[in-house]
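Reminder, nothing fancy here: chain letters follow the sequence lines and each chain counts from 1. In this text the structure is predicted, and so the values were computed from the model without any measurement.
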There are 2 protein chains.
Amino acid sequence: MPVTIKDIARQLGISYATVSRALNNKYGVDPQTRQQVLETAQSLHYRRNDLARGLVKQRTATIGLIVPDITNPFYPEVARGVEEAAHEAGYSVFLCNTAWEQERELLYVRLLAEKRVEGLIIAPTAQTAETIETLLTGQIPVIYVSDTQNNLHSSFIAIDNVRGGYLATEHLIQKGYYPIAYLGALEDSLTNEERCTGYIQALKQYNFSEEPLLYIGSYHSQTAYQIMCERIAESNVPRAVFAVNDLFALGAMQAVREHGLRIPQDVAIVGFDDIPLASFPEIQLTTVAQPKREMGQLAFAMLQQRMTSPTSPPQRTLLEPHLVIRKSS
Amino acid sequence: MPVTIKDIARQLGISYATVSRALNNKYGVDPQTRQQVLETAQSLHYRRNDLARGLVKQRTATIGLIVPDITNPFYPEVARGVEEAAHEAGYSVFLCNTAWEQERELLYVRLLAEKRVEGLIIAPTAQTAETIETLLTGQIPVIYVSDTQNNLHSSFIAIDNVRGGYLATEHLIQKGYYPIAYLGALEDSLTNEERCTGYIQALKQYNFSEEPLLYIGSYHSQTAYQIMCERIAESNVPRAVFAVNDLFALGAMQAVREHGLRIPQDVAIVGFDDIPLASFPEIQLTTVAQPKREMGQLAFAMLQQRMTSPTSPPQRTLLEPHLVIRKSS
DNA sequence: AATTATATTGTAAACGTTTACGAAAAACAA
DNA sequence: TTGTTTTTCGTAAACGTTTACAATATAATT
């Protein structure tokens, strides 16, 4: 029912090939007919059908971006980075949210592949690269962001999570806090694992022989809060906690403060990500910063590189983390 | 280059129509051939081309969602709502960020129309419905979310912003705070205008004859902070401020606290939206709550209704706002 | 005026599906 | 057996573009 290129052609009594040429202002069409085409296109409210166009051109100028949780301020930030760079380069982006469900992540990969996106940027929920790669069989280039995927043949851009975890923990150690707990999430998230590894490394490095204190829950917004509440209830509160991300840190903060304990006098807290709120006056969360927006931009740049020359070797960028010390520690 | 339905047909020595039927498990294909088709599809890593499919079926099972700022925690929340509902109904969603630029909003509308999305949900940056409607000429149903667009023939779901502004201001008045400033953004945002109207109405209602105190800046993340800093610098601080949204309120809070003033003893603050952080212990922001997730879900439900019966009259839902009183006032 | 070069247009195939319609084959009934 | 119904499959058109190639019209050259 919508108006097509043929309607314009019919109205003007010319062939639709000419209309197509005029619309894409190609070389070799009379300026006058072009003008006419443009005008009647306007008056008929013509809107090009990108499905048809994509089909013949074998291009969609579209990429997919898959994130685990758009509600975590970290991701919108990198999303904006990606989106800006993509837009700059004439691409539009499909943004998908997996809600930390692996199954959904794979579903979206399939879906986006079927929509013929030209590239994919994924902030994975878990170690799922293997599955994704076999799913795509190299048809569509992928960049993993904020996760190394431990995978030798995939491209990624991420921060050195192990080092970040190490820095955070070292800082707490040097401040003299003890014991230090690690507040994290499901083990199948590589990010979580790595940060935890950094934590353990630091403990080892500074000769703490005791077992590391691992508080592990699901990646739900309330988990950190609940876990800390439980610990407080059983008056089993660690002197400091290093949280896998700022949202967890804030959850812990909330629990601690609601129970009348003070930060950092009673409990010190450090997070990871440096979301905008971390610097807020009454929060002042010490945290490991990530250049979120830039990571997004870079991810797109890397993807573009792989889209234009798919045979080039995978690129792997590991950024150096940077500890921002504030009042919470 | 990617494998098509014909490759499967060729390999099995059958026609590609049969392959199509098998793949879409339609009635009337031998179970055995179907099995074979499925198997070779798998082994060849076949992936259906949704461009071609959409072209012939005249359906894409895709909608567009346009928001002004994915970085403002309000929007991810409604985005999740629509995404969930859409996913439930078998639709995928294109999420686009306009960065509060009207031009970009229109660009995305065009782009999405060209991609043949079946519906559009827009959280508009301004009073742009008129333009959008003429752009789309009724080809694609649109639901405006969180903004009434003042427009008699468009569908929307929003909160009663005037009433919300009124409630917030009334609350501050009844607490005895005076003077009360309104901290808002560009005037071409209807949301902003309406909340401001509510503010003024409340002042009138309670017989404040003075001019309303309007602090207006751009929709940038730092504006609220800067405006308040200036006021403080010139020691011209209002007793209370009602901010157009929680992000602005937080910016004001930050400025106030950084200058050693206390909330609410020196300056009372109320916001709008009730983003997750508003309830945080050391923030405790009084605010006008919006059912964000639900608004998203409802928006999709409304859209679906309009997609299935495009001739039905536009739907207009105005939700009742609800004041959440916390310690900031 | 005839010839050649150039600018403009039309024809038709292609992109990868779905699907109406008819043909063939298989199953059933007589 | 033959006829009839049912199941399975193939042919071809359609979706709305782009584009190589051929055809025509126009302009330039001699």
Side-chain angles (χ1 to χ4, degrees), chain A residues 1-38 40-41 44-62 110-118 139-140, chain B residues 1-38 40-41 44-62 110-118 139-140:
Chain A
M1 190 73 54
V3 25
T4 79
I5 220 177
K6 298 194 182 180
D7 298 317
I8 301 177
R10 197 171 324 117
Q11 179 141 76
L12 290 174
I14 60 179
S15 87
Y16 55 89
T18 307
V19 176
S20 171
R21 279 186 286 254
L23 253 24
N24 295 295
N25 42 9
K26 288 239 162 128
Y27 158 86
V29 29
D30 191 84
Q32 200 177 327
T33 36
R34 158 169 302 144
Q35 185 59 28
Q36 290 178 320
V37 168
L38 259 34
T40 64
L44 292 183
H45 299 291
Y46 171 74
R47 196 105 284 156
R48 166 173 75 201
N49 187 329
D50 257 1
L51 301 178
R53 170 176 241 242
L55 192 53
V56 25
K57 297 205 78 161
Q58 299 281 59
R59 286 214 52 209
T60 53
T62 304
R110 254 193 299 271
L111 226 59
L112 291 168
E114 287 176 358
K115 289 201 183 300
R116 291 297 186 267
V117 295
E118 295 177 30
Q139 317 244 24
I140 301 175
Chain B
M1 192 71 56
V3 24
T4 78
I5 220 177
K6 297 193 182 180
D7 297 316
I8 301 177
R10 195 170 326 118
Q11 179 139 73
L12 290 174
I14 60 179
S15 87
Y16 56 88
T18 308
V19 175
S20 171
R21 278 186 288 253
L23 253 25
N24 296 294
N25 43 10
K26 287 237 164 131
Y27 159 86
V29 30
D30 191 84
Q32 199 176 330
T33 35
R34 156 167 304 142
Q35 185 59 27
Q36 289 179 321
V37 168
L38 259 35
T40 64
L44 292 182
H45 300 291
Y46 170 74
R47 195 105 286 156
R48 166 174 74 202
N49 186 328
D50 257 0
L51 300 178
R53 169 176 240 244
L55 192 54
V56 24
K57 296 204 81 163
Q58 301 280 57
R59 286 214 52 208
T60 54
T62 304
R110 254 193 299 272
L111 224 60
L112 291 169
E114 288 176 358
K115 287 200 182 303
R116 291 297 186 267
V117 295
E118 294 177 30
Q139 318 242 25
I140 301 175

In the structure I gave you, are the side-chain heavy atoms of B:L44 and B:Q11 within less than 4.5 Å of one another anywhere? yes
A:I14 and A:V19, any side-chain heavy atoms less than 4.5 Å apart: yes
From CG of B:D7 across to P of C:dC15 the rounded distance in Å is 11 Å
Starting from P on C:dG16, measure out to CG on B:L44 and report it in whole angstrom. 15 Å
5'-most contact on DNA chain D (nearest-nucleotide basis), B:P31 vs B:Q58, goes to B:P31
Pairs in or reaching into residues 25-36 of chain A: which pass side chain to side chain donor-acceptor pair (under 3.5 Å), with residues at least two apart or in two chains? A:Q35-A:E39
Between D:dT7 atom P and B:I14 atom CD1, what is the distance in whole Å? 20 Å
Please list, pair by pair, any protein nitrogen or oxygen found under 3.5 Å from a nitrogen or oxygen in nucleotides 17-21 of chain C.
{"residue": "C:dT17", "atom": "OP1", "partner": "B:Y46", "partner atom": "OH", "Å": "2.8"}
{"residue": "C:dT17", "atom": "OP2", "partner": "B:I5", "partner atom": "N", "Å": "2.9"}
{"residue": "C:dT17", "atom": "O5'", "partner": "B:Y46", "partner atom": "OH", "Å": "3.1"}
{"residue": "C:dT18", "atom": "OP1", "partner": "B:N24", "partner atom": "OD1", "Å": "3.3"}
{"residue": "C:dT18", "atom": "OP1", "partner": "B:N24", "partner atom": "ND2", "Å": "3.1"}
{"residue": "C:dT18", "atom": "OP1", "partner": "B:R53", "partner atom": "NE", "Å": "3.1"}
{"residue": "C:dT18", "atom": "OP2", "partner": "B:S20", "partner atom": "OG", "Å": "2.4"}
{"residue": "C:dT18", "atom": "OP2", "partner": "B:N24", "partner atom": "ND2", "Å": "3.1"}
{"residue": "C:dT19", "atom": "OP2", "partner": "B:K26", "partner atom": "NZ", "Å": "2.3"}

What is the distance from atom NE2 of A:H45 to atom CG of A:D7, rounded to the nearest 0.5 Å? 13.0 Å
Could you check A:V29, A:T18, A:I5 and say which one makes a side chain to side chain contact (heavy atoms under 4.5 Å, CB included) with A:L23? A:I5
Between the opening five pairs and the closing five pairs of the helix from C:dA1-D:dT30 to C:dA30-D:dT1, how far apart are the helix axes, to 10°? 50°
How close or far is atom P of D:dT7 from atom CD of B:Q32, stated in whole angstroms? 18 Å
Beyond-backbone contact of B:I140 with B:L112, side-chain heavy atoms, under 4.5 angstrom: no
List the steps and the verdict of side chain to side chain contact (heavy atoms under 4.5 Å, CB included) for B:Q139 and A:R47. CA-CA 10 Å; B:Q139 318 242 25; A:R47 196 105 284 156; 5.6 Å; no
Protein-nucleotide distance (B:D50, atom CG; C:dC15, atom P), rounded to Å: 19 Å
What is the nucleic acid contact for A:L51, judged by heavy atoms within less than 4.0 Å: base, sugar-phosphate only, or nothing? nothing
Here the distance between atom P of C:dG16 and atom CD of A:E114, to the nearest Å, is 15 Å
Taking B:T60's backbone N and O only, do any of them form a donor-acceptor pair with B:E118's side chain (distance below 3.5 Å, no angle check)? yes
Expressed in angstrom and rounded to an integer, what is the separation of B:Q36 atom CD from D:dC9 atom C1'? 14 Å
Could you tell me if the side chain of B:R116 sits less than 4.5 Å from the side chain of A:N49, heavy atoms only? yes
Whole angstrom is fine here: how far is it from CZ in A:R10 over to P in C:dG10? 14 Å
